Every structure is written in structure tokens, then in C-alpha cells.
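What follows is one structure encoded as C-alpha cells, with my remarks underneath.
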Protein chains: 2
Amino acid sequence: MTHPLDSIFAALADPTRREILRMLLEDDMAVTDVAHPFAMSLAAISKHLTILVSAGLITQEKRGRVKWCKLEPDALRAAAIWMQSFGQFEPVNLDAFEAFLSHELQVQTQIDPIPTP
Amino acid sequence: MTHPLDSIFAALADPTRREILRMLLEDDMAVTDVAHPFAMSLAAISKHLTILVSAGLITQEKRGRVKWCKLEPDALRAAAIWMQSFGQFEPVNLDAFEAFLSHELQVQTQIDPIPTP
DNA sequence: CCGATCGTCAACCGATCGGTTGAATATGGG
DNA sequence: CCCATATTCAACCGATCGGTTGACGATCGG
């Protein structure tokens, strides 16, 4: 019914969920630990994680009381491939990547309206 | 307050908007012509286009009565770069790309059929 | 000038989103 | 066994989304 890209891009459209993915890039995490840095309820994070699971971007495995969250970077492949079709730009540019990351960190807390020339 | 990636990914999350981008990949188009293949009102397409403009994915230029829409593939660069950070996967995999495209064509059902050779 | 075309605006609609709170369900430790 | 911990569920809320319809301003052609 709905295209897989719908849920993948929709999941990526929220900054909280992108930050969760960034955290999981470093290591697998329990739900409570994922929630810890955020200023919102555990239930809200639990919902975000459900959305990420539905999009296939993460998987969860329950061991005992603890549910572990694991990044599934392959799910981004479809989205990356789709975007490649619009990319005259070269596939990987690590310089641009680092420049972007430093900009990313600054932008987190500042107002940054859409550039409309 | 909102990150540029928010609006880019949100814009990409809708299949109508992705299809519009795909159409604009071939050539610049007037708003009416963009709307033509879709089974929805012109006003709805006009809204989709403003969302794409806000995300920076397209630009519009009015010449006479006609407003021309132009793809801005550079806007996808930020999103592509962000996704690269999750990619242990190799930058471009053309086999996977073709496989994905054939699947993509099958899934599109909400618009008028595309002549498949 | 007149009528048709191009495109947006405004109001409205139901559905979904992102968040809250409070209760409920496992599970583990002492 | 009891209690704390880990996580989800359910109901609710305001805001936003994706769509409609009808009216409207601009612009072109004859």
C-alpha cells in the first residue's frame, strides 16, 4: 500500500529520531539509555523507536527486562539509492561530510530558516 | 528551530512529491503540466510544490502566466551526506540500483501508468 | 475588451503526528 | 515474596498533513 521509502523518509524527518540513529551508530543501546539524553518522556522515546523499527532502520531484541536497540544501516540503502538517481554529485565526499557534520552540531540549537533566494 | 534536514526528509516522505521530483529530473515543467498525471486537484499539487520549494528541492520562476518548476539536486546533497554517515555500504551499487528501480516502478499505483517498454 | 487559462488563496475536513499522563505488564534482585 | 526496574499501552491533546471546493488575481489570445 505505502511505499517503503515513505516510512523511511518520514522516520528520518524527525530530529529526535535522527539523533537516536546517530547514538546507535556508536553502539547498541537499551531503550532507557536511548531515552536518557532527551527532554521527553520514556513513552515518547518508545514511540519514536517503534517508528524506526517500522521503517526498518533499527531492530529490537529483548534480553531479560532490557530491550536492546540495534541500528540497521542497510535500510538506508534504498533511500540512498533513490537519492543517487538525482545525484550528479559524486557518491562520497568525505571533506564535505566533515564540513557538514560540524555545521550539523552548530545548527542543533539555533534557528535556521529555509534558504529561499 | 527546525533543522533543514527536517523539511528535506519530510518533503521526500510523500510519494507524490517524489514522483514530481522524478518528473522534473527529465525537464523543467509548468505547474499545470506537473499536475496533469496525478489524480488530484491543481491546488493540491500547488501545495506539494510549495513544500518542495520550502525544502529547497526545487525552485520556481514565473514567466508570463506560466510558473516553471526546476529541480535543485544540490539540496539532496545534505541529506545524502547525512545518510553516508550510516553507510558501511559501498557508495554506489548499480546492480542494487537497477533492482530497486524495477521494484519502484511496480509499486507506483496512485498515478497514471507510466508506459513501460 | 472579453473570455479562457494559469496558479494561488482561504476555509474546511478527517487523519496522522508528537507529545503528555497514568495504569499495566514483565522481569530481576535481595 | 516483595519491590524496584524496564517497557509498553491507552486515552487524550493541540498541531500539522494531505486533500477538497470555490473564489480570486494575473495574464494571454483573438
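In what follows, chains carry the letters A, B, and so on, assigned in the order in which the sequence lines appear, proteins first and then strands, with residues in each chain numbered from 1. Just so it is clear, the model here is predicted, and its values are computed rather than measured.
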- Message: From C-beta outward on B:Arg65, which listed nucleotide comes closest to its side chain: D:dT20, D:dT7, C:dC6?
- Response: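 Side chain of B:Arg65 sits closest to C:dC6.
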- Message: Starting the side chain at C-beta, find the nucleotide from C:dA4, D:dT7, D:dG19 nearest to A:Val66.
- Response: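 Looking only at side-chain atoms, A:Val66 lies closest to D:dT7.
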- Message: Closer than 4.0 angstrom, basic N to acidic O: yes or no for B:Arg63 and B:Glu61?
- Response: yes
- Message: Whether A:Lys67 contacts D:dT8 is assessed here as follows: a side-chain N or O lying under 4.0 Å from the phosphate OP1 or OP2. Is that the case?
- Response: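 Checking A:Lys67 against D:dT8: at least one side-chain N or O falls below 4.0 Å of OP1 or OP2.
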- Message: If you apply the rule side chain to side chain contact (heavy atoms under 4.5 Å, CB included), what do you find for B:Thr59 with B:Trp68, and how did you get there?
- Response: CA-CA 8 Å; B:Thr59 51; B:Trp68 292 91; over 6 Å; no
- Item | For DNA chain D, stems built from three or more consecutive Watson-Crick or G-U wobble pairs below 3.5 Å | C:1-5 with D:26-30, C:7-30 with D:1-24
- Value in whole Å for how far the C1' atom of D:dC17 lies from CZ of A:Phe9: 18 Å
- Task: Let me know the distance between CG of B:Asp14 and P of C:dC17, rounded to the nearest Å.
- Result: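 After rounding, the gap between these two atoms is 12 Å.
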When all nucleic acid strands are considered with a 4.0 Å heavy-atom cut-off, which category describes [X]: base, sugar-phosphate, or nothing?
X	answer
A:Arg63	nothing
A:Ile51	sugar-phosphate
B:Ser41	base

- Output the residues of residues 43-50 of chain A in contact with DNA chain D, where contact means a heavy atom of the residue under 4.0 Å from an atom of the strand; sort by number or write none.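 DNA chain D contact set from residues 43-50 of chain A: A:Ala43, A:Ser46, A:Lys47.
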